[in-house]
*Asks:* 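Please see the structure below; I have some questions.
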Amino acid sequence: MANGLPVRVRSHRLGGPPRRRSWRAIVIVAVLVAGSLAVGVAFAVRDDCSGRDNAVVAASPDIAPMLSQLDAAWAKTKPAVDGVCMSVTVVARDSALMATELASPWDSADNGPAPDVWVPASSVWARDAANSAVVARMLPANAPSLARSPSVIAMPRDLATALGSTAFDWPTIAAAHADPTWWTKRGQSVGRFTFAMTDPQVSTAGLLALMSVADTNNDGTIDAAERAAVVKLKEATQRYVADTSDVVTQIARADATSTAAVLAYGSGFPALERDVIAYNETKPKAPLVAIYPASGGYDADYPYLVLSDPPWGTKAGPVAAAAFLAYARGDSGRSLFLAHGYRDANRVGGTSVTAANGVRPTLADRPRAVLAPSSVAATLTTWTAITRTTNVLLVLDISGSMKDVVTGTKTRMDLAKAAAVAAVREFDDTSSVGLWVFSSGLDGSRDYKSLVSLGTLSDPMPDGRTRRQDMIDAIGQIVPTGDTGLYDTVSAAQQEVMAHYHQFAANLVVLLTDGRNDDPTGGLDLAQLRKRLGTARAGHTNVPVVTIGFGADADFATLAAISHDSGTVTLSSQDGVDIDKVLLAGIFGAPSGGA
């Protein structure tokens, strides 16, 4: 390993204006960004420090153990800044969940200690999170990379050898699957080319693979050709699993039987380079080979994101965070990451990055540039709309406060209606969708009213139009009125979807509100509602309620409790201008159940 060499800072612009920090943090960062200096001098090693500044570092589970190891070594140096002792607390947090949770009020009881630093597996998760204006304001402009691992197509070595010098790319997957003789022509009797795709909503490798196929021009939308490419990838997918670790576990079980069993499992799957290295270091009968797509790929780059002025933050957190970053990017950190099969910030690998371990020792090309937040959101939405059977009831707050102007002449209601129409157009024809509105006393004593019943969007309706057309028309005619009968509506909406439960679908209520429960007719209180939600969650047909707080006056704490009790998350659009993205994230991106 080339230890002791200065590491040049490779950063990723995440957007947002620079923010003022304490002078102690400025000194640390200034020394770090100098680049050619030894980063270890960014903090002082002292015996006489007092007090303690501690930063909570929420890191991707695969890298968290290494950061904990670095923390233990760093603590022995007794680091201090301006006479104050420095420390960090490293906690493992799933990147996909963090991308959602940062946009909501932080629940320490459920999520653990509130973070000062976020280290996702890839900057792509930060891009995804930045679709929320709340999160975008917290993300730093520059995010140094702790380590890197390119995204690849993992393939059994015998099949990779059969490819010879043939260039292989993401479109090749669909073309190979479409040709039943593809492997036969290459001397392999393994049947059709099959692909095991990992869920891009939770898997870093799966998300990076999907992004390589969708929105190739990075314009924030998915055009017809790009959508067709995503459909072809879905058609080539014969196995759909949660994460790369699940695929590797299944392949290891097959390998315990025979090489033939591994080849029968599948022709390839999305992975990170270090996944291939780690698997091959177990000395399997049928090793894997990393196929580097001809058109390039993205890296898992593990950006170190010091959150700027989070609602739960302290002045001390960023100081300790910056001090630990200096250590983690020094010789000790670099050596540790290289020893575990990662590359450094400049894509230089260590002694395990070898052809014997199925990977390229050196990389001549550069990784693809990380897409804009809107492009990541569009990519995920398109995949979910194509692949996930959905049964969702959309519930919109139409109380009087929705008349408030947000931007120019646009009211909250105007923006919510536009977002709802965009969401309805995103579903495919087989999706089951319904539309309710709520305020107070809309339907006799009820605070809610069904405008379009739950059902398949392509269904013909009594007026001769499709359900999709009726929903778009109904949204256009909504007028704000009344108060906010939130609790009764949440309970009734959940019961409605449970009554129309689809066993193999994502069953959801997605509720958007700009206020808090102020039902003049009484009805359920919060304790009663939470008891009902808990009872439903314990059953076999639970329906998560994704809540979206719209505007600064929304009761975010209560919305978070409602969503948590039903098994999902709450989202927020405090300034309202990003409500279209937040609503799509709620429908297509939020967790759809579980403990």
*Asks:* Search all heavy atoms of V370 against all heavy atoms of Y298 and return the closest pair with its distance.
*Replies:*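 Residues V370 and Y298, closest heavy atoms: CA-CE2, 4.2 Å.
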
*Asks:* So Y302 and Y342, would you call those rings parallel, tilted or perpendicular, with 30° and 60° as cut-offs?
*Replies:* perpendicular

*Asks:* Any side-chain donor-acceptor pair under 3.5 Å between D215 and T379?
*Replies:*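 Result is no, nothing qualifies.
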
*Asks:* When rounded to the nearest 0.5 angstrom, what is the spacing between CD in E426 and OG1 in T381?
*Replies:* 6.0 Å

*Asks:* Taking atom types as modelled, is there a side-chain donor on W125 or T204 under 3.5 Å from an acceptor on the other?
*Replies:*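 Judged by distance alone, the side chains do pair up.
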
*Asks:* Verify whether one side chain among D243 and S203 offers a donor that lies under 3.5 Å from an acceptor in the other.
*Replies:*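 Yes.
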
*Asks:* Quick one, Y292 with L363, criterion side chain to side chain contact (heavy atoms under 4.5 Å, CB included). Give me CA distance, side-chain angles, the key distance, then yes/no.
*Replies:* CA-CA 10 Å; Y292 298 80; L363 300 175; 3.8 Å; yes

*Asks:* Is a side-chain donor-acceptor pair under 3.5 Å present for S87 with N54?
*Replies:*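 Checked: N54/S87 side chains pair up, N/O donor to acceptor below 3.5 Å.
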
*Asks:* Distance check, rounded to the nearest 0.5 Å: Q69 atom CD versus M66 atom CE?
*Replies:* 8.5 Å

*Asks:* Using a 6.0 Å distance limit plus a 45 degree cone around the ring axis, check whether R186 lies over the aromatic ring of W182.
*Replies:*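 Yes, R186 lies over the aromatic ring of W182.
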
*Asks:* Is the side chain of N391 donor-acceptor paired with the backbone N or O of A506 at a distance under 3.5 Å, no angle test?
*Replies:*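 The answer is no, because no donor-acceptor pair under 3.5 Å joins these two groups.
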
*Asks:* With rounding to the nearest 0.5 Å, note down the distance linking OG in S245 to CG in D275.
*Replies:* 8.0 Å

*Asks:* Is the closest side-chain donor-acceptor distance between W170 and S295 under 3.5 Å?
*Replies:* no

*Asks:* Once you round to the nearest 0.5 Å, how far does CG of L584 lie from OG of S374?
*Replies:*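 Nearest 0.5 Å value for the CG-OG distance: 11.5 Å.
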
*Asks:* Using distance alone, with no hydrogens and no angle criterion, decide if S68 and D71 have a side-chain donor and acceptor under 3.5 Å apart.
*Replies:* no

*Asks:* Thinking salt bridges, do R192 and D179 make one under a 4.0 Å N-O criterion?
*Replies:*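 Salt bridge absent between R192 and D179.
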
*Asks:* Assess whether a salt bridge exists between R360 and E273, defined as any Lys/Arg side-chain N lying under 4.0 Å from an Asp/Glu carboxylate O.
*Replies:* no

*Asks:* Rounded to the nearest 0.5 Å, what separates atom OG1 in T194 from atom CE in M197?
*Replies:*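 Here the interatomic distance stands at 14.5 Å.
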
*Asks:* Strictly by modelled atom types, are H564 and D110 linked by a side-chain donor-acceptor pair under 3.5 Å?
*Replies:*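 Yes, D110 and H564 have a side-chain donor paired with an acceptor closer than 3.5 Å.
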
*Asks:* F269 ring centre to R239 NZ or CZ under 6.0 Å, with the angle to the axis within 45°?
*Replies:*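 Not flagged: R239 not positioned over aromatic ring of F269.
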
*Asks:* Nearest 0.5 Å please: distance from the CG atom of D255 over to the CG atom of L288.
*Replies:*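 That separation rounds to 8.5 Å.
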
*Asks:* Looking only at heavy atoms, which two atoms of Y327 and L70 are closest? And how far apart?
*Replies:* CE2-O, 3.5 Å

*Asks:* Is the backbone of A205 close enough, under 3.5 Å, to the side chain of S151 for a donor and an acceptor to pair up by distance?
*Replies:*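 Judged by distance alone, no pair lies under 3.5 Å.
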
*Asks:* Checking R274 against D62 for the salt bridge (charged side-chain N to carboxylate O under 4.0 Å, His left out) test, could you report, in this order, the C-alpha distance in whole Å, the side-chain angles of both residues, the deciding distance, and whether it holds?
*Replies:* CA-CA 10 Å; R274 53 100 178 158; D62 59 321; 2.6 Å; yes

*Asks:* Sort out for me which residue in L208, V359, V276 forms a side chain to side chain contact (heavy atoms under 4.5 Å, CB included) with V152.
*Replies:* V276

